[in-house]
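Beneath this line is the structure, given in structure tokens, with notes to follow.
Numbers restart at 1 for each chain; the letters A, B, ... are given by sequence-line order, proteins then strands.
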Amino acid sequence: MSITLQDAVALIALEADLLDHGAFRDWLTLYTPDGRYVVPIDPDVEDFESVLNYAYDDAAMREKRVERLLGGRSISAAPPARTVRLLSRYRMLETTDATCTLRCAQHLMELRQGRQRDYAANVTYRLKNTDGGLKIDLKVIRLLTATEALTAVSYIL
Amino acid sequence: MQDLPDPRTLLAPDRADGSIYSDPDLYDMEMDRIFMHNWIWVAHRSEIPEPGDFITTFVGPHPVIVCRDRQGVVHVMLNRCRHRAATVCELRRGKTASFVCPYHGWAYGLDGTLRGVPHQEGYSGHLDKSSLPLVNLRVEEYNGLVFATFDETIPSLDSWLGRTKPWIDLFMKQGAGWPVKTMGEHKFTFPGNWKIQLENTTDAYHFPIVHKSFLDSVDQETQDTLNFVGGKGFVEDLGNGHSVMVMIPELVDLDENLDAPIPERFAELAAGLSKDYPPEKVRQIIRAVGGSGFNLNLFPNLACSMAFFRVLRPLSATSTEIRHIAIGMDGGPDVANQARLRLHEHFQGPMGFGTPDDAEAWDRVQRGSLAGKNIDILLNRGLGHEAQRPDGNLYSDVSAETGMRAAYRQWLVAMTDKAFPAEGEGA
Ligand code: FES
Ligand SMILES: [Fe+2]
């Protein structure tokens with residue numbers, strides 16, 4: 001049976017909840033070992049490896065990112081910004097019993113040192129059925145403002 | 001007219017008044033006296049390789065188009081239609097045969113010549129097209145770095161860069177024998193004055209403190225390489241506000257020490273490259289991928305910083321845009337350029353492991369500098385043991401504030417056309 005929208009959304013909502021509540025180590029377990037977490041700059045790019053991105057994280061980089069946020073040794077992340085994100089406008093682009101690709105909208109509010117900022121993004125997930133259940137194999141966060149001058153993002157989008 | 005601030009009262013050779021980060025009148029003076037009367041970096045040659053290629057950028061607050069004409073000559077032109085001032089181009093980059101203003105359709109050539117005016121008969125002979133080109137700035141180039149200025153009278157770029165030129169040449173060795181090319185950029189703003197950023201690329205002192213979390217994320221060998229405060233490096237005043245900060249002396253000349261062992265973190269990359277290149281070339285590429293061991297600061301807006309270009313743009317007295325432009329080998333192996341991109345992403349940009357912490361520190365400098373009045377910013381680190389090279393360059397240890405003192409000395413010259421009183425006269 002193909003992966004259902006309901007199962008896919010359940011995983012994505014879990015990810016959003018973990019990130020907004022600072023459960024970064026739990027977040028790591030949602031990804032496949034070869035999974036990628038990508039925040040591109042160029043709105044049209046598909047070959048992320050060949051271009052400069054904001055983030056192009058394999059498992060090792062994701063782990064380092066989490067340690068940075070939890071380690072208390074980064075002045076921009078001690079403490080990390082607090083975030084609240086809303087995901088919506090889900091659309092299943094394709095689905096089989098092994099993988100699916102889902103696209104949605106994300107609106108994230110950030111609060112740090114009295115400044116509130118918000119980021120809108122189109123997010124595409126490729127999810128994969130594994131022995132350990134449904135996992136994220138690829139997450140691509142296309143910020144609406146990706147080509148503009150941003151401010152420091154010391155958390156996980 | 002209101003009284004302008006007197007920059008001489010705000011700066012001494014070893015300190016500055018905190019108001020230099022926030023006084024809007026001082027900022028207006030800077031935009032005129034510094035950004036309209038010095039060579040300002042605008043582009044790297046590789047961004048506009050072919051005739052018709054252009055980018056849009058800024059010289060201080062002034063929007064400009066940087067464009068290569070049919071003869072291959074680079075023009076830097078104000079992005080301002082000569083009719084009623086609309087910007088003629090809003091694309092970040094592209095290729096074109098002409099620039100057509102969207103408002104009433106005036107059309108300009110790649111060199112800015114006004115070629116076409118719709119319904120020209122409406123001017124009944126009173127429009128001299130030849131007198132209305134896009135305003136061209138003066139443009140000169142050194143080793144791929146393109147600079148422009150409004151000022152027709154200042155000395156040539158060559159003499160302005162002066163003693164920095166050998167360092168620019170060393171920096172460009174990151175091409176590993178290929179030309180250097182740009183490979184995209186991280187662009188971000190911080191709520192603070194541009195000079196806070198100007199200081200930072202000649203500030204080795206902060207590195208082990210601010211970048212702890214970055215250092216935690218790299219292997220021991222890299223940590224040791226980056227443990228340069230207290231080491232053999234140095235900061236040297238190169239004149240005209242420029243300076244070089246050598247953090248890793250072994251990585252000054254990337255074509256030397258080619259038999260040094262390949263760092264562990266590059267072992268896999270080296271193995272891959274060995275399939276296509278002889279051992280000597282592999283070592284040259286690997287050394288280039290790691291970047292240079294120094295920051296070269298070119299007053300007022302460019303730093304050739306280890307492995308990338310840092311470009312600053314003042315937005316207001318209390319807001320600054322920074323671009324970290326990635327560079328690579330034009331024609332070099334893809335895997336090596338990709339390794340450079342991953343290294344750039346690791347440290348730089350709004351989601352890097354380094355930049356957000358830098359930005360936080362600068363942000364705090366700006367906010368803290370508003371506390372109280374008449375309190376100095378100290379610029380005296382390393383002054384006690386500062387010495388002079390045979391060629392006259394001042395230098396001190398790697399964490400000295402010699403580079404900042406050099407930049408502020410030039411700042412004062414530009415702001416007043418006068419330098420500090422001679423030694424001993426006091427300030
Ligand atoms: S403002 Fe450009 S054509 Fe009128
Ligand atoms: Fe830094």
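A salt bridge links B/E360 and B/R364; the closest N-O separation between the charged side-chain nitrogens and carboxylate oxygens is under 4.0 Å. Using a 4.0 Å cut-off between charged side-chain N and carboxylate O, A/E67 and A/K64 make no salt bridge. Taking the charged nitrogens against the carboxylate oxygens, B/R367 and B/D363 do have a contact shorter than 4.0 Å, which makes a salt bridge.
Residue A/I41 touches chain B through its side chain alone, counting heavy-atom pairs closer than 4.5 Å. Contact annotation for A/R65: both backbone and side-chain heavy atoms come within less than 4.5 Å of a heavy atom of chain B. Contacts of B/F353 with chain A are made by both backbone and side-chain atoms, with heavy-atom separations under 4.5 Å. For A/Q113, the part lying under 4.5 angstrom from a heavy atom of chain B is the side chain only. Residue contact with chain A, scored on non-hydrogen atoms closer than 4.5 Å, involves the side chain of B/R342 exclusively. At a 4.5 Å heavy-atom cutoff, B/Q348 makes no contact with chain A through either its backbone or its side chain. With a 4.5 Å cut-off on non-hydrogen atoms, A/V51 touches chain B through its backbone but not through its side chain. The parts of A/E49 that come within reach of chain B are both its backbone and its side chain, each placing non-hydrogen atoms under 4.5 angstrom from that chain.
In this structure, B/F347 has its ring center closer than 6.0 angstrom to the ring center of B/H211.
Counting heavy-atom pairs under 4.5 Å between each of B/D357, B/L341, B/I209 and chain A puts B/D357 at the top. When each of B/H186, B/R340, B/R323, B/M183 is checked for heavy-atom pairs under 4.5 Å with chain A, B/H186 comes out on top. Counting heavy-atom pairs under 4.5 Å between each of B/G349, B/S217, B/G184 and chain A puts B/S217 at the top. Between chain B and the options A/G72, A/A60, A/S50, heavy-atom pairs under 4.5 Å are most frequent for A/S50.
One side chain, B/D224 or B/Q220, offers a donor N or O that lies under 3.5 Å from an acceptor on the other. Counted by atom type alone, A/H107 and A/D118 present one or more donor-acceptor pairs between their side chains at under 3.5 Å.
Of the residues listed (A/R68, A/R112, A/E110), the one engaging A/S154 in a side chain to side chain contact (heavy atoms under 4.5 Å, CB included) is A/R68, and it is the only one.
Using a 4.5 Å cut-off on side-chain heavy atoms (C-beta onward), B/N193 and B/S22 make no contact.
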